[in-house]
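Comments concern the structure below.
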Amino acid sequence: MRPKSYSIFGGHGSKSGVEHAAEVIFTVCGFFAVLAVASITLYMIISGTPALFKVGILDILFGTIWMPAAATPSFGILYVILTSIIGTALAILIGVPIGVMTAVFLAEVAPERLTNIVRPAVELLAGIPSVIYGLLGILILNPLMYKIELKIFAGSTTHQFTGGANLISAVLVLALMILPTVINISESALRAVPQHLRSASLALGATKIQTIFSAVLPAAKSGIITAIVLGTGRAIGEAMAISLVSGSSVNMPLPFNSVRFLTTAIVSEMSYSAGLHKQVLFTIGLVLFAFIMLINITLNNLLKKGEESHDK
Amino acid sequence: MTNDIVIPVQKESAVTHSIYNQKNRISDSFLTFLIYLCASISIMVLVGIMGYVFVRGIPEISLEFLTTVPSTIKGTFGIVGNIVNTLYVVVITLLIATPLGVGAAIYLNEYAKGGKAVRIIEFTTETLAGIPSIIFGLFGYVFFGNTLGLGYSILTGALTLSIMVLPLITRTTQEALKTVPESYRSGALGIGATKWYMIRTILLPSAMPGIVTGIILAIGRIVGESAALLFTAGSGYLLPKDFFGKIFESGGTLTIQLYLCMQKAKYGQAFGIAVVLLVIVLAINGLAKFLSHKFNTEVKES
């Protein structure tokens, strides 16, 4: 902790009204974030829970039939939840290895001149609006997937053709979208590894690659895990990029099925839903919010653990 | 080719090469190949995206596209209404979020005395940064739209987005304040300035480049945002008739219009908007880079 400076007029009696006002205003600003999180949590719970009790917690969370517009509507969101979990997991499985390897390239292998070109490019990737990813997904990935689908399911009578808008397309878009997050955070973690670890490993006779994979990467483990958790948060919360790419009908999350994620369910039906249907959409929002809070708390614990080990 | 690559050592160090420098191992070659492959995938993807969007989108851009509003009678399409809406949203959001974010950073860095309160504020700021935009959208729709009765309007969208960019502005301002040397504070206070006077005349001007960089990054987020605006700002595309009245009317930003075009399968128009968005994002990125670069060198010189 740095030493604090105090005004020579710092006594309680000499503070003018303006000084007091400034302190109070800044304190209020400081607590605004707390207020925001508290009210978001409160409102998500208030608007998400009524449907839980009206439909029944088990029916809504573990039901598999989604027919909100039928005469006897059915609101089972199990497939939607499963799609979000499986889709995010697959995106992490594809995105994290590529991202970590790119970070290794930037931090350990590439000459400095190349790093200075690639890193801004990665930052730019993070700044591209998510709808543009969606647009490219529709026009590039979906036709490709449709061709593959036609080949695999040629002659099949049970398969519902989706025109390429399926789980794989959505997963690929998501994997692409988490890349910048994973690359940036893993790279700073790798750069924070002390140089003497590398020197010691090289001096013991390990090759450069052995050093990277058995000394540097394990030392940067906590940073890379943070990157994975942040990437998970980003993937599970992404809506606009995948809402049209994933096909958007509620199905089992199988690779070639048209699927619906938690986020895309909200985006695609919010505009025309009413009554109980709308309340169920808010319940979906609540489920998503619960996942996000879980990820945030995990992240907070990870960061705290990292700080503690640095302090020692 | 594996082991003769020069290691980019950041600091001068005694050992930078393996003593087995001449030896080739198959697993090493394989892993090196993997590293290069993954790095090139990441880069190719970026180049591919930019290239594809520009190739498909630039032919769509014309004077009419940029300066008119869509007209069903004439059958033409233009995005000037959306550009104006985007400007409205950006300006109003920043007017709300900047004072709050900078104020919070000043509190955390200058006034707070540590302890539980600061830990809670920092945890909630982190949480706020991790909440996906669709949740902000739902919250804005329920709270600003329904509870406060603002409906689908630019103000609803801007209020929602100001909560969203708040952590970004708070964090960058905090970083900027941390780089102001402690001696500035001691000096100002030592010659008799009060704390608020010191913050106003010494701290904020010294931290200004950092704060401006944060604001520019926030603009980038606002311009690229879509999910949080879909249920809050709506999708109006007409030019404002009344300068202040527009705040209470619905207005879709460029990203919303892009999404709507995509939904209607009008991909040409969508690519036109995508090019406009990419140019804005590129400009913002460059500006932020330029500013932070300038800022860093200034620090080094002093």
Side-chain angles (χ1 to χ4, degrees), chain A residues 2 5-9 18-19 22-23 25-27 29-30 32-34 36-37 40 43 47 98 101-102 104-105 109 111-112 118 121 124-125 127-132 134-136 139 176 179 195 199 202-203 205-209 213 233 237 239-240 244 263 266 270 285 289 292 296 300, chain B residues 3 8 11 13-15 18-20 25 28 31-32 34-35 38-39 41-43 45-46 49 100 103-104 106-108 111 120-121 123-125 127-128 130-132 134-135 138-139 142-143 163 182 185-186 189 192 194-196 220 224 226-227 231 255 258-259 262 267 270 274 277 281 285:
Chain A
R2 60 184 163 77
S5 308
Y6 293 99
S7 168
I8 51 173
F9 293 135
V18 180
E19 290 294 309
E23 179 158 5
I25 289 171
F26 289 134
T27 313
C29 288
F32 193 80
V34 182
V37 171
I40 290 176
Y43 266 89
S47 39
I98 296 181
M101 287 295 190
T102 310
V104 167
F105 175 77
V109 183
E112 200 164 336
V118 175
L124 202 59
L125 205 59
I128 295 178
S130 52
V131 276
I132 295 186
L135 179 64
L136 293 172
L139 288 181
L176 188 57
L179 264 186
Q195 191 60 35
S199 302
L202 291 171
T207 60
K208 206 166 89 63
I209 295 295
F213 283 90
M240 302 306 262
L244 296 176
T263 48
I266 301 170
M270 198 67 190
F289 188 68
I292 293 291
N296 267 320
N300 195 48
Chain B
N3 295 319
K11 281 141 214 140
S13 154
V15 186
S18 172
I19 51 174
Y20 284 127
R25 289 159 41 99
D28 278 12
L31 286 170
T32 314
L34 217 59
I35 291 173
C38 290
I41 289 176
S42 307
I43 299 157
V45 159
L46 176 80
I49 288 176
L100 277 176
I106 291 176
Y107 172 74
L108 286 173
Y111 283 99
I120 292 175
I121 292 176
F123 172 66
T124 46
T125 310
T127 309
L128 217 50
I131 293 178
I134 181 104
I135 301 274
L138 283 180
F139 171 71
V142 179
F143 183 70
I163 302 179
E182 190 58 30
R185 295 183 181 86
S186 316
L189 295 176
T194 56
K195 194 158 190 176
W196 165 232
S226 43
F231 317 126
T255 43
L258 171 49
Y259 181 73
M262 225 156 86
Y267 296 122
L277 278 172
V281 166
N285 230 292

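Every heavy atom of this structure was used, including side-chain atoms; hydrogens, water molecules and symmetry mates were not. A, B, ... follow the sequence lines: proteins, then strands. Residue 1 opens every chain.
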Do [X] and [Y] come within less than 4.5 Å of each other through their side chains, counting heavy atoms only?
X: A:K208; Y: A:V109; value: yes
X: B:W196; Y: A:F26; value: yes
X: B:Y259; Y: A:L135; value: no
X: B:I35; Y: A:F213; value: yes
X: A:V34; Y: B:F123; value: no
X: A:I132; Y: A:P129; value: yes

Legend entry - Selection from B:L277, B:I120, B:N285, B:T127 maximising heavy-atom pairs under 4.5 Å formed with chain A: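 Heavy-atom pairs under 4.5 Å are most numerous for B:T127.
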Inset, instruction - Return the option, out of B:I41, B:T125, B:I131, B:I163, with the maximum number of heavy-atom pairs under 4.5 Å with chain A. - result: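 Winner by heavy-atom pair count: B:I131.
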Legend entry - is_close_aromatic(B:Y111, B:Y107), centroid dist under 6.0 Å: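 No, the ring of B:Y111 stays outside the 6.0 Å limit from the ring of B:Y107, centre to centre.
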If I measure from the heavy atoms of chain B, does [X] come under 4.5 Å with its side chain, its backbone, both, or neither?
X: A:L136; result: side chain
X: A:L176; result: side chain
X: A:V118; result: side chain
X: A:A121; result: both
X: A:I292; result: side chain
X: A:L179; result: side chain
X: A:L244; result: side chain
X: A:Y43; result: side chain

Legend entry - Contacting region of B:L46 [heavy-atom separation from chain A under 4.5 Å]: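 Both backbone and side chain.
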Inset, instruction - Counting only heavy atoms closer than 4.5 Å, note whether B:L258 contacts chain A via side chain, backbone, both or neither. - result: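 Contact with chain A: side chain only.
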Legend entry - chain B interface, residue from A:I128, A:L124, A:V104 that has the most non-hydrogen pairs under 4.5 Å: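 Result: the option with the highest number of such pairs is A:L124.
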Inset, instruction - Specify which of A:T263, A:I40, A:I98 makes the most heavy-atom pairs with chain B at under 4.5 Å. - result: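 Most heavy-atom pairs within the cutoff with chain B belong to A:I40.
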Inset, instruction - List the atom of B:G130, the atom of A:N296, and the distance in Å for their closest heavy-atom pair. - result: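 Closest approach of B:G130 to A:N296, heavy atoms only: CA-OD1, 4.1 Å.
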Inset, instruction - Working to the nearest 0.5 Å, report the span between CZ of A:F105 and OG1 of B:T32. - result: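 OG1 of B:T32 is found 11.5 Å from CZ of A:F105.
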